[in-house]
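All values below come from the heavy atoms of this structure, side chains included, with hydrogens, waters and symmetry mates left out. Each chain gets a letter, A, B and so on, in the order its sequence line appears, and its residues count up from 1.
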Protein chains: 2
Amino acid sequence: MARAATTTDAFNAVGDPTRRAVLNKLATGETTVKALAEHVNCPQSLVSKHLKVLREVELVRCRSVGRTRLYRIDRAGITPLQTWLTELTTAINQHYDRLDDYIQTLKADGDAVRKGEPR
Amino acid sequence: MARAATTTDAFNAVGDPTRRAVLNKLATGETTVKALAEHVNCPQSLVSKHLKVLREVELVRCRSVGRTRLYRIDRAGITPLQTWLTELTTAINQHYDRLDDYIQTLKADGDAVRKGEPR
DNA sequence: GAATAATATCCCCATATGGGCATATGTCAA
DNA sequence: TTGACATATGCCCATATGGGGATATTATTC
């Protein structure tokens with residue numbers, strides 16, 4: 001075995017900074033590949049690749065207009081992300097106390113100092 | 001250049017399915033490495049590595065108890081994820097019409113049928 | 001049809017990294 | 001001190017994949 005193939009889910013797709021930048025740009029409206037490339041400041045061919053990944057994960061969609069392709073956000077693909085995050089935080093709030101974080105921080109600091117651990 | 005090093009941000013950390021599983025489990029409370037390994041069904045050594053990644057990104061924290069280590073969620077690390085997602089969807093809602101998705105779907109389907117494209 | 005523009009692909013490279021395995025490190029109990 | 005248990009690390013491998021450059025593909029215009 002080796003590194004697992006992960007580019008098949010939205011979470012991994014969003015893991016790449018460049019792709020997040022692309023999404024941020026697209027969030028402001030339909031855009032051209034060229035425009036995206038300029039905005040993200042990287043070669044067009046690379047942007048096309050990132051767009052392909054985003055398409056496969058359905059975070060993005062596109063339509064042809066002349067010899068141009070207008071890319072846009074596909075809301076459907078974003079839902080899973082929101083859902084997971086929401087459920088995660090819900091579970092957390094349900095199982096962790098409010099003061100927990102604060103207490104843990106103090107505790108961790110104290111321990112670190114006492115034992116000379118790096119923080 | 002080559003593949004960019006990305007394991008330095010929470011987004012990438014969450015990109016891995018196993019790590020998400022670990023987070024899901026931890027969301028229900030402090031847990032032992034061993035327990036996590038059993039829950040996620042993968043070797044302890046691997047879980048330790050994933051935990052290390054999650055720690056570096058501050059999605060997780062731990063404290064020693066005897067010869068055991070209790071891992072817990074670190075809420076602070078989750079905030080960036082929520083923030084980005086929220087801002088993204090906010091921007092989208094601000095720039096995309098409600099009917100857009102529906103219209104685009106119809107359009108895409110029609111075009112595909114017309115041109116014999118795969119969908 | 002030829003030339004040009006916009007994208008997508010293909011090929012190649014470098015490396016990050018998920019996973020497996022053995023071992024080191026640390027802690028507690030007898 | 002020795003032994004057992006819990007974790008973390010180091011080493012190695014296989015591969016996914018980000019990035020670069022050139023080329024194929026498709027559409028537009030003259």
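Rounded to an integer number of Å, the gap from D9(B) CG to dG18(D) P is 13 Å. In this structure, the CG atom of L54(A) is 14 Å from the C1' atom of dT17(D), given to the nearest Å. Summarising the geometry, the separation between CG on N12(B) and P on dA16(C) is reported as 13 Å, rounded to the nearest angstrom. Atom CZ in R20(B) sits about 14 Å away from atom C1' in dG18(C), given to the nearest Å.
For R67(B), there are no side-chain hydrogen bond (donor to acceptor under 3.5 Å, both in side chains) partners at least two apart in sequence or on another chain. Residues satisfying the side chain to side chain contact (heavy atoms under 4.5 Å, CB included) criterion with Q82(B), sequence neighbours excluded, are L85(A), T89(A), I78(B). Every residue two or more places apart in sequence or in another chain that forms a side chain to side chain contact (heavy atoms under 4.5 Å, CB included) with T28(A) is listed here: K25(A), H95(B).
Applying the ring pair (Phe, Tyr, Trp, His ring centres under 6.0 Å) test to every pair with at least one member in residues 55-92 of chain A, sequence neighbours left out, gives these pairs: F11(A)-W84(A).
OP1 and OP2 of dT17(D) both lie 4.0 Å or more from every side-chain N or O belonging to H50(A).
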(request) Could you encode protein contacts along nucleotides 2-10 of chain D as a string, one character per nucleotide from 5' to 3', using B for base contact, S for sugar-phosphate-only contact and - for no contact, with a heavy-atom cut-off of under 4.0 Å? (result) --BBSBBBB
Please table the atom pairs, donor to acceptor, closer than 3.5 Å between any side-chain atom in residues 33-54 of chain B and protein atoms at least two apart or in another chain.
from	atom 1	to	atom 2	distance (Å)
Q44(B)	NE2	S48(B)	OG	3.1
H50(B)	ND1	R19(B)	NH1	3.3

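No donor-acceptor distance shorter than 3.5 angstrom exists from the side chain of Y96(A) to the backbone of R72(B), with no hydrogens or angles considered.
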